[in-house]
Amino acid sequence: MITSDQLPTVVQGVRVEQVEDWVVRRWVVPQPQDGGPDRGWLFAEIDVARIRLIRDLHDDLHLGDEAIPVVLSLLDQIHGLRHELRCLAAAVEVQPREIRERILDALAGTAG
Amino acid sequence: MGKLYDVLGVKSDASADEIRKAYRRLAKGHHPDLHPGDAKAEEKFKTIAAAWDILGDKDKRARYDRGEIGDDGNPQFQRDYYRQHAGAGPEAFKYQSGAGFEDLGDIFSGLFGGRARASGGFGSGGGDLQLGLTVEFLDAANGARKRVTLPDGRSLDIAIPPGLRDGQTLRLRGKGAPGAQGRPPGDLLIEVSVAPDPRFERKGNDIHLALPLSLAEAVLGAKVEVPTVSGTVALTIPKGSNTGHVLRLKGRGIPGHGRRAAGDQLVRLEVMLPERPDAALEQLVRGWADAHPYDPRHGMEKGR
């Protein structure tokens with residue numbers, strides 16, 4: 001967990017007030033410090049990685065403030081979907097071989 | 001010609017602007033976080049980013065052109081991408097969205113013989129709930145509180161922030177379906193449609209309005225009442241105003257909110273003749289026109 005002040009040293013080219021704006025827009029959802037959000041935010045690793053992504057979208061890919069939430073929402077959905085697919089795959093994985101093969105056959109049938 | 005120029009697909013004499021554009025185009029196509037499932041994207045993006053690191057910097061590019069930096073003279077970019085966190089790990093669920101997968105839930109509940117499933121879907125956090133809400137134009141412009149009833153019977157007071165746009169989605173964290181087995185609840189997503197108002201047209205944070213004027217008001221000037229999103233204001237129409245003139249009411253557009261400054265209202269004047277033909281006006285204008293000819297289509301025949 002790191003604080004807002006530490007962010008610029010971890011994510012190159014990002015300004016504290018920029019990130020605070022992103023928090024207000026809820027593009028990033030850090031955890032409030034003990035004693036409430038007035039005392040600042042704590043950023044987990046996933047928040048830092050997300051800030052790095054938003055910086056890339058904003059600075060390098062030149063996406064505007066209107067486009068970024070669209071991209072983030074689609075990415076969140078993709079990660080949600082990938083998670084659900086992995087759960088499904090795991091459920092198939094633990095089935096007896098015969099059932100797994102029947103599922104694979106059926107998949108090949110629908111894909112064709 | 002250096003290999004790095006090939007990576008970005010530009011000529012070695014390309015301008016800084018051309019290089020920036022080429023990099024942006026490639027980065028959009030290969031950024032690993034925009035291709036969460038493509039393992040090769042990261043390798044490709046590394047090459048592109050390494051080329052951009054040198055060619056995008058005036059000094060480094062000059063040194064590269066002089067041969068002082070080699071094609072692989074740059075330390076490899078080692079960084080972690082968002083997808084590594086969003087895909088797995090203790091925090092992966094934080095931003096993942098299940099919104100819009102309700103149809104999948106249907107598909108799978110059919111597949112599994114109708115066995116009851118947690119509303120959260122696949123054992124992750126609670127599912128997101130989606131709701132549509134229509135608000136009046138003025139409520140969206142000024143902000144309002146709306147009471148909504150959810151499909152499960154709960155009612156909630158929703159704060160519509162001033163200046164909300166048509167189609168915007170409000171996300172209420174933790175107000176969606178409760179999570180199973182100690183997982184966090186889902187979010188409530190409210191997609192807000194803004195009903196149009198025949199008087200006002202919104203462009204950005206400005207409001208456009210057409211204001212009809214009588215002939216007398218346009219010719220002689222007047223003070224008229226004009227509706228704005230925040231109430232009626234008295235507007236002075238200068239003498240000799242014409243159709244198409246635009247008067248700006250500063251700060252009378254969409255109200256400011258947070259760091260956003262208030263927009264303006266732009267009033268476009270439209271001179272209206274009386275609805276019924278009028279003999280007295282005809283006579284007056286006939287007498288006036290003979291003595292004061294003017295050509296309102298001046299310049300039109302030149303075709304530009």
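First the proteins, then the strands, lettered A, B, ... as listed; each starts at 1. It should be emphasised that the depicted structure is a prediction, and the values quoted were computed from it without experimental measurement.
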* Is there a donor-acceptor pair closer than 3.5 Å between any side-chain N or O of B/Y95 and the backbone N or O of A/V29? ->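 Answer holds: yes.
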* **N/O donor-acceptor pair under 3.5 Å between B/N142 side chain and B/V229 backbone** =>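 Answer holds: yes.
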* Asked: With a cut-off of under 6.0 Å to the ring centre and 45° to the axis, is A/R25 in cation-pi contact with A/W22?
  ->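 No.
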Which portion of [X] sits near chain B, non-hydrogen atoms under 4.5 angstrom:
X	value
A/L63	side chain
A/R26	both
A/V28	both

* To do: Show your working on salt bridge (charged side-chain N to carboxylate O under 4.0 Å, His left out) between B/D187 and B/R173 and close with a plain yes or no.
  => CA-CA 5 Å; B/D187 298 341; B/R173 297 261 169 210; 3.2 Å; yes
* Asked: How far apart are the C-alpha atoms of B/D139 and B/K146, what are their side-chain angles, what is the distance that settles it, and do they pass the salt bridge (charged side-chain N to carboxylate O under 4.0 Å, His left out) test?
  -> CA-CA 9 Å; B/D139 284 347; B/K146 289 278 158 200; 3.2 Å; yes
* Asked: Distance from A/E93 atom CD to A/L88 atom CG, nearest 0.5 Å?
  ->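 That separation rounds to 11.0 Å.
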* **Residues from residues 18-28 of chain B approaching chain A under 4.5 Å (heavy atoms)** =>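 Answer by number: B/Y23, B/R24, B/A27, B/K28.
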* To do: Tell me the residues of residues 46-61 of chain A whose non-hydrogen atoms fall below 4.5 Å from those of chain B, in number order.
  =>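 Those residues of residues 46-61 of chain A which have a heavy atom under 4.5 Å from chain B are A/I46, A/D47, A/A49, A/R50, A/R52, A/L53, A/R55, A/D56, A/L57, A/D59, A/D60, A/L61.
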* 4.5 Å side-chain heavy-atom contact, B/L172 and B/I190 ->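 B/L172 reaches B/I190 side chain to side chain.
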* Establish, from distance only, whether the side-chain atoms of A/T9 and A/Q6 form a donor-acceptor pair under 3.5 Å. =>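 No, A/Q6 and A/T9 have no side-chain donor paired with an acceptor closer than 3.5 Å.
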* Asked: Which pair of non-hydrogen atoms, one from B/I207 and one from B/G253, has the smallest distance, and what is that distance?
  ->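 In this case the closest contact between B/I207 and B/G253 is CG1-CA, 3.8 Å.
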* **With B/R165, the side-chain contact (heavy atoms from CB on, under 4.5 Å) member among B/N205, B/I254, B/V192, B/V194** =>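 In the set B/N205, B/I254, B/V192, B/V194, the residue that makes a side-chain contact (heavy atoms from CB on, under 4.5 Å) with B/R165 is B/N205.
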* For the residue pair B/H30 and B/F45, is the inter-centroid distance of their aromatic rings smaller than 6.0 Å? ->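 Aromatic pair excluded; centres sit 6.0 Å or further apart.
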